[in-house]
A.B. asks: 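After the structure tokens below, expect a handful of questions from me.
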Protein chains: 2
Amino acid sequence: MKKINDISTEDKIRKAAENEFMKKGFAAARIRDIAVNAGINLALLNYYFRSKEKLFELVMAEKIERLFALVIPVLNEKSTSLKQKLVLISEHYTQMLLDEPSLPAFVISEMQQQPEKFAGRIRFSSEIMKSEYISQLKEIDPNTNPVDHLISYLGILIFPFLMRPVLAASDTLDDKSFKEQIEKRKKLAPIWMGNILGLDKI
Amino acid sequence: MKKINDISTEDKIRKAAENEFMKKGFAAARIRDIAVNAGINLALLNYYFRSKEKLFELVMAEKIERLFALVIPVLNEKSTSLKQKLVLISEHYTQMLLDEPSLPAFVISEMQQQPEKFAGRIRFSSEIMKSEYISQLKEIDPNTNPVDHLISYLGILIFPFLMRPVLAASDTLDDKSFKEQIEKRKKLAPIWMGNILGLDKI
DNA sequence: GTCTATAGAGGGATAGAC
DNA sequence: GTCTATCCCTCTATAGAC
């Protein structure tokens with residue numbers, strides 16, 4: 001038992017596991033390294049979490065939530081206009097991604113490599129189809145495909161973070177100028193999406 | 001020595017390596033499995049390619065080329081309009097991605113996990129900045145950021161393939177309906193990008 | 001060029017003392 | 001709860017016969 005203000009051993013391991021898995025992915029991650037970075041040893045890690053797999057699933061569940069659940073409350077909000085929703089989504093995602101830039105690549109690559117693990121865990125379009133956002137979109141254009149548009153919007157917002165290694169390899173793109181570029185895109189993205197949806201024509 | 005029409009051992013290994021690396025990523029891939037799927041054994045694989053690392057780099061180099069180089073000739077073409085370039089990019093990428101749907105997730109995740117290997121290999125924005133596409137874009141709006149727009153466009157085109165496991169997990173999205181959706185997006189994407197760039201206002 | 005056999009290292013997991 | 005020591009398996013890579 002630790003002092004109340006101390007970080008519990010369990011949380012230290014969890015935190016170290018996040019770093020390791022996010023940096024190297026499941027297959028390349030070493031639970032030995034997680035233990036060292038948590039300041040404990042291998043046996044104790046297994047005492048708390050039973051196996052590498054179980055520890056990974058815990059981390060992953062939280063990351064998925066963080067990546068996808070962000071958008072749901074915004075889409076459901078009754079008091080905001082479509083335009084406002086676009087602005088809010090851009091702001092929320094940009095902030096979260098600047099805080100955790102490698103989150104999308106991590107989730108995407110693990111989803112690709114072990115889709116079994118995600119079977120029950122993602123409820124995406126069902127929640128979206130019932131949202132306020134859909135109603136507002138249908139008002140503008142009854143034939144529109146809302147999931148399609150949302151994918152495009154998330155692509156615009158998230159893709160720069162996936163391409164960052166490419167940009168960094170060709171340009172000399174340091175942290176500062178990347179962040180500047182992202183801040184500009186944060187403002188532009190809802191306008192672009194408005195153009196796609198034809199919002200200015202109303 | 002094989003018959004001329006036979007696939008050489010080297011190519012059999014290469015092909016099997018592609019499958020294995022694309023499916024599991026570098027860290028989880030097993031050269032034993034590559035050897036088995038190539039119809040040979042482990043020792044022979046090392047005889048041809050020296051090491052797992054070297055084999056991987058060969059595969060990766062080709063995949064990067066396939067993913068990024070596709071867009072360069074289109075951007076450089078002097079005889080096509082901006083609108084036509086958008087259509088061509090959409091068509092080329094859609095066709096390539098339908099042919100090899102897991103290519104982007106593979107490249108992105110390996111880039112993230114081992115950026116060292118890509119240092120010299122990607123020349124992206126330098127080639128783009130000199131292209132015909134840039135001149136045409138500057139005519140419309142001298143203040144536009146062409147790399148930014150290109151990232152958005154590639155995001156729109158590529159992101160659905162990265163999200164596919166998500167879509168498959170929530171909907172029941174089979175191969176056929178995914179392909180239909182992509183074919184629709186192929187036609188819509190250049191229009192959307194035209195809206196973003198304000199092409200219809202000219 | 002192609003094989004069998006094995007060296008050699010590293011990783012996940014557990015036994016058992018404290 | 002936490003540690004040290006170790007088991008045991010799997011993987012890459014190579015030696016050496018054919």
Side-chain angles (χ1 to χ4, degrees), chain A residues 1-61 63 106 109-110 112-114 116-117, chain B residues 1-61 63 106 109-110 112-114 116-117:
Chain A
M1 207 54 120
K2 296 269 179 180
K3 285 190 304 172
I4 291 177
N5 279 344
D6 260 9
I7 302 163
S8 72
T9 302
E10 196 170 335
D11 283 346
K12 281 191 297 186
I13 298 172
R14 234 197 177 92
K15 191 70 195 151
E18 268 189 44
N19 289 337
E20 177 79 0
F21 283 132
M22 294 271 281
K23 197 156 65 189
K24 303 192 191 162
F26 176 77
R30 305 288 158 230
I31 59 173
R32 280 182 152 78
D33 294 344
I34 295 175
V36 169
N37 289 330
I40 51 107
N41 64 59
L42 189 53
L44 196 53
L45 186 150
N46 275 302
Y47 169 78
Y48 275 103
F49 294 96
R50 299 279 304 161
S51 74
K52 179 184 182 183
E53 190 108 7
K54 288 232 185 350
L55 180 52
F56 175 77
E57 280 170 11
L58 233 62
V59 170
M60 182 50 98
K63 295 300 173 187
F106 171 69
S109 84
E110 298 297 335
Q112 201 84 7
Q113 281 165 36
Q114 3 187 357
E116 331 80 66
K117 288 190 186 159
Chain B
M1 210 51 121
K2 296 270 177 177
K3 285 191 305 176
I4 291 179
N5 279 343
D6 258 11
I7 302 164
S8 72
T9 301
E10 196 170 334
D11 282 345
K12 281 193 296 185
I13 298 173
R14 234 197 177 92
K15 191 72 195 148
E18 269 189 45
N19 290 337
E20 177 78 1
F21 283 132
M22 294 272 281
K23 199 157 63 189
K24 303 190 190 164
F26 176 77
R30 306 290 155 222
I31 59 173
R32 276 179 155 81
D33 294 344
I34 295 175
V36 169
N37 289 330
I40 51 106
N41 64 58
L42 190 52
L44 196 53
L45 185 150
N46 275 302
Y47 169 79
Y48 275 103
F49 294 97
R50 296 279 305 160
S51 73
K52 180 185 181 182
E53 191 106 7
K54 288 232 185 352
L55 180 52
F56 175 77
E57 281 170 10
L58 232 62
V59 171
M60 183 49 97
K63 294 300 174 188
F106 170 69
S109 86
E110 297 298 334
Q112 201 85 6
Q113 281 165 36
Q114 3 186 358
E116 333 79 67
K117 287 190 187 159

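The analysis underlying the following values was restricted to heavy atoms, covering all of them including side chains, and did not include hydrogens, waters or symmetry mates. Computed from a prediction, not measured in an experiment: that's the story for all the values here.
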A.B. asks: Between atom CZ in B:Arg30 and atom P in D:dC9, what is the gap in whole Å?
C.D. replies: 17 Å
A.B. asks: Classify the nucleic acid contact of A:Ala29 as base, sugar-phosphate or nothing, counting any heavy atom under 4.0 Å across all strands shown.
C.D. replies: sugar-phosphate
A.B. asks: Whole Å only: how far is the CZ atom of A:Phe49 from the C1' atom of C:dG12?
C.D. replies: 16 Å
A.B. asks: Take the protein atom NZ of B:Lys52 and the nucleotide atom P of D:dC11, then report the distance between them rounded to whole Å.
C.D. replies: 9 Å
A.B. asks: Using whole Å, report how far CZ of B:Phe21 lies from P of D:dC11.
C.D. replies: 14 Å
A.B. asks: Which one, D:dA13, C:dT2, C:dG12, comes nearest to the side chain of B:Ser51?
C.D. replies: D:dA13
A.B. asks: Indicate yes or no: at least one non-hydrogen side-chain atom of A:Thr9 is less than 4.5 angstrom from one of A:Leu44.
C.D. replies: yes
A.B. asks: Do B:Met22 and B:Lys63 have side-chain heavy atoms sitting under 4.5 Å apart?
C.D. replies: yes
A.B. asks: Could you give the NZ-to-C1' distance, from B:Lys24 to D:dT10, as a whole number of Å?
C.D. replies: 13 Å
A.B. asks: What pairs of nitrogen or oxygen atoms, one from the protein and one from nucleotides 3-7 of chain D, lie under 3.5 Å apart?
C.D. replies:
unit_1: D:dC3; atom_1: OP2; unit_2: A:Asn41; atom_2: ND2; d: 2.9
unit_1: D:dC3; atom_1: O5'; unit_2: A:Asn41; atom_2: ND2; d: 2.8

A.B. asks: Does B:Lys52 use its side chain to pair, donor to acceptor, with the backbone of B:Phe26 at less than 3.5 Å?
C.D. replies: yes
A.B. asks: Return the value, rounded to whole Å, for the distance between atom OH of A:Tyr47 and atom C1' of D:dT2.
C.D. replies: 9 Å
A.B. asks: Just the rounded figure in Å: distance from P of D:dA13 to CG of B:Asp33.
C.D. replies: 14 Å
A.B. asks: Not counting sequence neighbours, which residues clear side chain to side chain donor-acceptor pair (under 3.5 Å) with A:Glu20? List them please.
C.D. replies: A:Lys24
A.B. asks: Without swapping roles, check the side chain of A:Asp33 against the backbone of A:Val36 for a donor-acceptor pair under 3.5 Å.
C.D. replies: no
A.B. asks: Can you tell me how far C1' of D:dA13 sits from CG of B:Leu55, to the nearest Å?
C.D. replies: 14 Å
A.B. asks: Are the aromatic rings of B:Phe106 and B:Phe21 close, with centres under 6.0 Å apart?
C.D. replies: no
A.B. asks: Does B:Thr9 have a side-chain nitrogen or oxygen under 4.0 Å from the phosphate oxygens OP1 or OP2 of C:dG1?
C.D. replies: no
A.B. asks: Output the single nucleotide from D:dA13, D:dG1, C:dT14 whose closest atom is nearest the side chain of A:Asn46.
C.D. replies: C:dT14
A.B. asks: My understanding is that only residues two or more places apart in sequence, or in another chain, count here; which of them pass salt bridge (Lys or Arg N to Asp or Glu O under 4.0 Å) with A:Lys15?
C.D. replies: A:Glu18
A.B. asks: Could you check A:Arg50 against B:Tyr48 and say which one's nearest nucleotide on DNA chain C is further toward the 5' end?
C.D. replies: B:Tyr48
